[in-house]
2 protein chains.
Amino acid sequence: MTSEVALIERWRSLLASYNRVSGQLDRALQDRHALTLTEFETLDRLTIGDGEKRRMQDLAGDMHLSQSALSRTVDRLEKRGLVRRAMCEADRRGVFVAATEEGVRRHVEARRSYLAVLTEHLPPNATCG
Amino acid sequence: MTSEVALIERWRSLLASYNRVSGQLDRALQDRHALTLTEFETLDRLTIGDGEKRRMQDLAGDMHLSQSALSRTVDRLEKRGLVRRAMCEADRRGVFVAATEEGVRRHVEARRSYLAVLTEHLPPNATCG
DNA sequence: ACGCATCTTATGCGCTCGCATATAATCGGA
DNA sequence: TCCGATTATATGCGAGCGCATAAGATGCGT
């Protein structure tokens with residue numbers, strides 16, 4: 001089947017794009033800012049609004065990450081003082097997470113590298129829905 | 001910048017496609033065939049021609065996998081009898097890898113699931129170079 | 001022939017991940 | 001009010017990954 005071959009080629013192409021871009025992002029963020037891509041993305045979610053705190057559950061929703069992995073990512077960020085956990089008084093099962101000032105600073109810096117890598121390595125025709 | 005937003009959206013879109021498809025592939029292959037996506041892809045490389053043996057280095061080349069990860073993937077496949085390592089006589093640093101008959105059988109079965117998942121979950125407009 | 005740089009694969013190590021489960025809080029029905 | 005089902009987060013555990021390095025083989029210059 002020609003369609004099968006084409007299907008596989010599209011998948012391989014998607015894989016190649018993903019690996020190239022995520023690899024470059026990971027390396028750049030790690031080398032220049034000591035941040036994992038996952039850590040950066042988490043920080044990114046916490047600085048969209050201004051200092052908006054969000055619940056873990058809420059965060060996990062739009063990140064491609066398991067609940068446990070997110071919990072540990074927040075652990076790591078918290079240990080380095082980039083993020084702060086706070087009780088959620090309305091529902092004491094929940095936990096709020098917010099970026100600290102240092103966290104916001106680090107995010108702003110890292111975002112420059114992030115955008116630079118995307119500009120350089122994200123193929124212009126990558127319209128994948 | 002509008003272009004920055006568009007850039008990030010394309011990246012997010014690529015990420016979403018990758019995660020959806022690779023997740024579905026992984027689950028299907030694992031549940032129905034007890035194979036990791038990486039293991040399937042390795043097996044796939046070894047059954048393109050007919051029973052063609054290939055060198056580790058050669059394999060690593062077109063897979064998005066570190067040399068050590070490939071070595072261990074071959075370990076796992078070999079332990080289950082799906083793959084066989086053989087000395088490379090011409091250059092005794094090298095190692096040949098070839099799929100066994102059982103490996104070929106398992107690959108043929110798994111490939112059906114693989115194609116089914118791609119057909120169902122790979123977005124038709126995913127032309128990522 | 002010898003020694004040293006190079007090349008190929010294997011292995012030690014630490015990291016992040018997901019799954020399963022534990023812990024804690026909430027909610028709803030009897 | 002009390003108890004079981006449900007929800008939110010944390011944690012034990014094992015798996016796969018990449019980096020650095022070890023171990024083995026080659027090959028070139030002298």
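Worth saying up front: this structure is predicted, and the values here are computed from it rather than measured. The chains referred to below are lettered A, B, ... by the order of the sequence lines, with proteins before strands, and numbering in each begins at 1.
- Here the P atom of nucleotide D:dC19 and the CZ atom of A:Arg27 are 7 Å apart, to the nearest Å.
- Whole-Å rounding puts the A:Leu37 CG to D:dG18 P distance at 15 Å.
- Across the protein-nucleic acid pair, B:His64 atom NE2 and D:dG18 atom P stand 11 Å apart, rounded to whole Å.
- Residue-level contact check: A:Arg76 touches the backbone only, with heavy atoms under 4.0 Å from sugar-phosphate atoms and none from bases.
- The phosphate of D:dA15 (OP1 or OP2) has no side-chain N or O of B:Thr36 nearer than 4.0 angstrom.
- We find the CZ-CG distance between A:Arg106 and A:Leu35 to be 5.0 Å, quoted to the nearest 0.5 Å.
- Atom CZ of A:Arg54 is separated from atom P of D:dA8 by 15 Å (rounded to the nearest Å).
- Closest approach of B:Thr47 to B:Ala99, counting heavy atoms only: CG2-CB, 4.0 Å.
- With salt bridges taken as basic N to acidic carboxylate O contacts below 4.0 Å, none links A:Arg12 and A:Glu9.
- Rounded to a whole Å, the OH atom of A:Tyr18 is 13 Å from the P atom of D:dC17.
- One can place CG of A:Leu29 at 19 Å from P of C:dC15, the figure rounded to the nearest angstrom.
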Between N or O atoms, less than 3.5 Å apart, protein on one side and nucleotides 22-27 of chain D on the other: list the pairs.
| residue | atom | partner | partner atom | Å |
| --- | --- | --- | --- | --- |
| D:dT26 | OP1 | B:Arg92 | N | 3.4 |

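- For the atom pair CG (B:Asp44) and CZ (B:Phe40), the distance works out to 4.5 Å, reported to the nearest 0.5 Å.
- Atom-to-atom, CZ of A:Arg55 to P of C:dA24 comes out at 18 Å; the value is rounded to the nearest Å.
- Counting only distance, with no hydrogens or angles, the side chain of A:Asp58 and the backbone of A:Arg54 share no donor-acceptor pair below 3.5 Å.
- In this structure, CD of B:Glu41 is placed 16 Å from P of D:dG16, rounded to the nearest angstrom.
- Between A:Arg45 and A:Glu41, at least one side-chain N (NZ, or NE/NH1/NH2) sits under 4.0 Å from a carboxylate O, which counts as a salt bridge.
- Using a 4.0 Å cut-off on heavy atoms, the residues of residues 65-74 of chain A that approach DNA chain D are A:Gln67, A:Ser68, A:Ser71, A:Arg72, listed by number.
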What's the verdict on salt bridge (charged side-chain N to carboxylate O under 4.0 Å, His left out) for A:Arg32 and A:Glu109, showing C-alpha distance, side-chain angles and the deciding distance? CA-CA 9 Å; A:Arg32 303 182 213 159; A:Glu109 294 168 12; over 6 Å; no
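- Counted by atom type alone, A:Thr100 and A:Arg84 present zero donor-acceptor pairs between their side chains at under 3.5 Å.
- Of the N and O atoms on the side chains of B:Thr38 and B:Thr36, not one donor lies less than 3.5 Å from an acceptor on the other residue.
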